[in-house]
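One structure below.
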There are 2 protein chains.
Amino acid sequence: MLTIGYLAKMTGTKVQTIRYYEQVGLMPEPGRTDGGQRRYGDAELDRLSFIRHARQLGFSLDAIRELLDLSDHPARSCEEADAIARRQLKQVEQRMARLDLLRLELERMIEECSGGRAADCRVLEVLRDHSECLTDHESIGT
Amino acid sequence: MLTIGYLAKMTGTKVQTIRYYEQVGLMPEPGRTDGGQRRYGDAELDRLSFIRHARQLGFSLDAIRELLDLSDHPARSCEEADAIARRQLKQVEQRMARLDLLRLELERMIEECSGGRAADCRVLEVLRDHSECLTDHESIGT
DNA sequence: GCTTGAAGCTACAGCAGCTGTAGGTCGTAT
DNA sequence: ATACGACCTACAGCTGCTGTAGCTTCAAGC
C-alpha cells in the first residue's frame with residue numbers, strides 16, 4: 001500500500017497536485033486508512049505516471065481524460081487516441097510558428113538598439129509603432 | 001474624447017480587459033463624464049497600443065510595466081529596455097526548444113500508431129511507458 | 001506504552017491574464 | 001419621450017496548479 005507522498009516522489013508531482021487530480025476526477029478516490037489517509041496501489045501509480053507524462057507533452061487535462069478513457073477500454077479503436085495526438089501536434093506546430101515570428105521581431109528590435117537614450121531606443125519605438133510589425137491582432141497562444 | 005469601446009475596437013482589446021489594465025495600474029484612471037463613463041485622449045490610445053503590441057510579443061504585464069516606465073522617461077538609458085527584450089527573447093527560444101522536443105515525440109508516437117485496437121495503440125503505450133521518452137521531469141513551460 | 005516529528009488531512013486563497021455574467025445606468029438618435 | 005446600444009460596478013470563473021493555516025495520524029525510537 002502506497003502513500004500519497006510516495007506517489008508524489010515517484011512521479012515528480014506535488015502531493016497537492018495529486019489531490020487536485022482526484023478532485024477533478026483524473027485520479028480515482030483511493031482507499032483510506034482508519035485514520036483517513038489515502039493508500040494507493042500500483043495501478044494508481046501507473047495512472048499518475050500516464051497523466052504526468054501526458055502533461056509534459058502539453059496535453060490538457062481534458063485531453064488526458066479522453067486518453068485515460070481510451071486506455072481503460074483497450075478493445076476500442078485507436079483512432080481517437082491518434083486524433084487527440086494529432087490535434088496536440090498541430091497545436092504545438094502552431095505555437096512554434098507563432099514563437100518563431102516573435103523571435104524574429106524580438107531579434108530585429110534588439111539588433112537595432114542603439115544602446116543610447118531611451119528616447120532613441122528601437123525596442124521602445126517598435127513597441128510604440130505597431131505598423132512596422134509582423135504579428136497580427138491575435139493574442140499570443142501560450 | 002474617446003470612449004472605452006472605441007479604444008477597444010481600435011486595439012483589438014475587450015472592454016473588460018482595458019478596465020482590468022486600469023485596475024492593475026497599466027492604464028491610468030481616465031477622466032469621466034458627469035454620468036461616470038470613461039473618456040480617453042490620444043495618449044491613452046497610444047499607451048494601450050503599446051501594451052497590446054508588447055503582449056503579442058509575449059511580454060508579461062510586469063515587463064510591460066517596466067517598458068512603459070522607460071518609455072515615460074525618454075532621457076533614461078536604453079539598456080534596461082534592451083535587457084528586458086533580451087530576456088524575453090531567451091524565454092521564447094527556450095519555449096521553442098522545448099516545443100521542438102515535444103513535437104518530435106508526438107510525431108514519433110503518431111507515426112507508429114497501428115490504427116488498430118487501443119490495446120495496441122502506440123500513442124497510449126508511449127504515454128504509459130515513460131522510460132522510452134525524451135522529455136525530463138519538468139513541466140512544460142507555456 | 002509514550003513521545004516525537006514527519007507526513008498526512010481539509011479548506012480555502014492566490015497566481016496570470018483575462019473573460020463572462022447579472023443587474024443596473026447613461027448617452028444619443030429619432 | 002423613448003428606445004437601444006454602450007457603458008457602469010461587482011464578482012465569479014477559467015487552467016492547472018501551488019501555498020498556507022491549523023489540525024490529525026503514522027511509524028520509529030526509547
Side-chain angles (χ1 to χ4, degrees), chain A residues 1-27 29-40 44 48 50-68 88 91 95 98 137-142, chain B residues 1-27 29-40 44 48 50-68 88 91 95 98 137-142:
Chain A
M1 283 302 155
L2 315 173
T3 64
I4 197 170
Y6 180 79
L7 259 71
K9 199 168 289 176
M10 293 307 284
T11 58
T13 315
K14 298 252 152 117
V15 166
Q16 291 106 306
T17 305
I18 301 176
R19 290 198 279 251
Y20 171 75
Y21 288 159
E22 180 182 328
Q23 204 180 302
V24 298
L26 277 181
M27 289 291 286
E29 288 184 27
R32 301 268 188 156
T33 62
D34 290 348
Q37 298 195 356
R38 290 168 179 80
R39 286 301 122 96
Y40 296 93
E44 281 77 41
L48 182 56
F50 185 105
I51 293 170
R52 294 308 288 176
H53 191 185
R55 284 295 297 139
Q56 281 159 27
L57 287 171
F59 289 95
S60 71
L61 296 190
D62 270 351
I64 294 171
R65 231 182 295 273
E66 291 183 69
L67 289 167
L68 280 167
Q88 183 60 22
Q91 272 175 30
R95 272 186 233 169
R98 272 201 78 70
H137 254 171
E138 282 172 53
S139 83
I140 166 176
T142 56
Chain B
M1 284 300 157
L2 316 172
T3 66
I4 196 170
Y6 180 79
L7 259 70
K9 197 167 291 177
M10 292 307 283
T11 58
T13 316
K14 298 251 152 115
V15 166
Q16 292 106 305
T17 304
I18 301 176
R19 291 199 279 251
Y20 170 75
Y21 288 158
E22 180 182 328
Q23 204 179 300
V24 299
L26 276 181
M27 289 290 288
E29 289 184 26
R32 303 267 189 158
T33 62
D34 290 349
Q37 299 197 354
R38 291 169 178 80
R39 287 300 122 95
Y40 296 92
E44 281 77 41
L48 182 56
F50 185 105
I51 294 170
R52 295 308 289 176
H53 192 186
R55 285 295 297 139
Q56 281 158 25
L57 287 171
F59 289 95
S60 70
L61 296 190
D62 269 352
I64 294 171
R65 231 183 294 274
E66 291 183 69
L67 289 168
L68 280 167
Q88 183 60 24
Q91 273 175 32
R95 272 187 232 168
R98 273 201 78 71
H137 254 170
E138 283 172 52
S139 83
I140 165 176
T142 54

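Predicted model only: the values in this text are computed from it and were never measured.
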Handout entry: Short side-chain N/O contact from A/S60 to OP1 or OP2 of D/dT15, under 4.0 Å
Key = no
Practice task
Give the rounded distance in Å between these two atoms: NZ of B/K14 and P of D/dC14.
Solution key: 17 Å
Problem - Contact under 4.0 Å: A/T3 side-chain N or O vs C/dG8 OP1/OP2 - result: yes
Handout entry: Between C/dC18 (P) and B/L26 (CG): distance, integer Å
Key = 9 Å
Exercise for the section: Rounded to the nearest 0.5 Å, what's the gap from CD1 on B/I51 to OG1 on B/T13? Could you check? Expected result: 8.5 Å
Practice task
Kindly indicate whether the side chain of B/I64, heavy atoms from C-beta on, has any atom under 4.5 Å from the side chain of B/Y21.
Solution key: no
Handout entry: With sequence neighbours excluded, residues passing side-chain contact (heavy atoms from CB on, under 4.5 Å) with A/T3
Key = A/Y6, A/R39
Handout entry: Distance, rounded to the nearest Å, where A/F59 contributes CZ and D/dT15 contributes P
Key = 18 Å
Exercise for the section: Assign A/Y21 to base, sugar-phosphate, or nothing according to its heavy-atom contacts below 4.0 angstrom with the strands shown. Expected result: sugar-phosphate
Return the polar atom pairs (N/O with N/O) between nucleotides 11-15 of chain C and the protein under 3.5 Å, or none.
none

Practice task
Could you pull out all residues at least two apart from B/Y20 that satisfy side-chain contact (heavy atoms from CB on, under 4.5 Å)?
Solution key: B/V24, B/L61
Practice task
For B/I4 and D/dG5, give me the distance from atom CD1 to atom C1', rounded to whole Å.
Solution key: 15 Å
Problem - Length of the CZ-C1' vector between B/R32 and D/dC8, whole Å - result: 8 Å
Between protein and nucleotides 1-5 of chain C, what N or O pairs are separated by less than 3.5 Å?
none

Fill in the blank from the handout: All heavy atoms of B/M27 vs all of B/L7, minimum pair found to be CE-CD2, 4.3 Å
Handout entry: From CD1 (A/I18) to CD (A/Q16), nearest 0.5 Å
Key = 9.5 Å
Fill in the blank from the handout: Nearest heavy-atom approach of B/V15 to B/A8 is CG2-CB, 3.8 Å
Exercise for the section: Report the distance from atom CD of A/E22 to atom P of C/dG8, rounded to the nearest whole Å. Expected result: 14 Å
Handout entry: A/M27 CE - D/dC17 P separation (whole Å)
Key = 13 Å
Exercise for the section: On DNA chain C, check which nucleotide each of B/T13 and A/G5 is closest to and give me the residue with the more 5' one. Expected result: A/G5
Handout entry: Any residue meeting side-chain hydrogen bond (donor to acceptor under 3.5 Å, both in side chains) with B/E22, in chain and number order, not counting sequence neighbours
Key = B/R38
Practice task
Evaluate the criterion side chain to side chain contact (heavy atoms under 4.5 Å, CB included) for residue pair B/Q23 and B/R19; output intermediate values, then yes/no.
Solution key: CA-CA 6 Å; B/Q23 204 179 300; B/R19 291 199 279 251; 6.0 Å; no
Fill in the blank from the handout: Atom CG of A/L48 and atom P of D/dC17 are separated, to the nearest Å, by 11 Å
Practice task
Step by step, work out the side chain to side chain contact (heavy atoms under 4.5 Å, CB included) result for B/L48 and B/Y40.
Solution key: CA-CA 11 Å; B/L48 182 56; B/Y40 296 92; over 6 Å; no
Exercise for the section: Give a yes or no on whether the backbone of A/L57 and the side-chain of A/Q88 come within a donor-acceptor separation of less than 3.5 Å. Expected result: yes
N/O to N/O distances under 3.5 Å, protein versus nucleotides 27-30 of chain C:
from: C/dG27; atom 1: OP1; to: B/T33; atom 2: OG1; distance (Å): 2.7
from: C/dG27; atom 1: OP1; to: B/G35; atom 2: N; distance (Å): 3.4

Practice task
Return the nearest nucleotide to the side chain of A/V15; candidates are C/dG17, D/dC17, C/dG8.
Solution key: C/dG8
Practice task
Check whether any side-chain N or O of A/R38 sits under 4.0 Å from OP1 or OP2 of C/dC9, and answer yes or no.
Solution key: yes
Problem - Side chain to side chain, B/T17 and B/R52, heavy atoms closer than 4.5 Å - result: yes
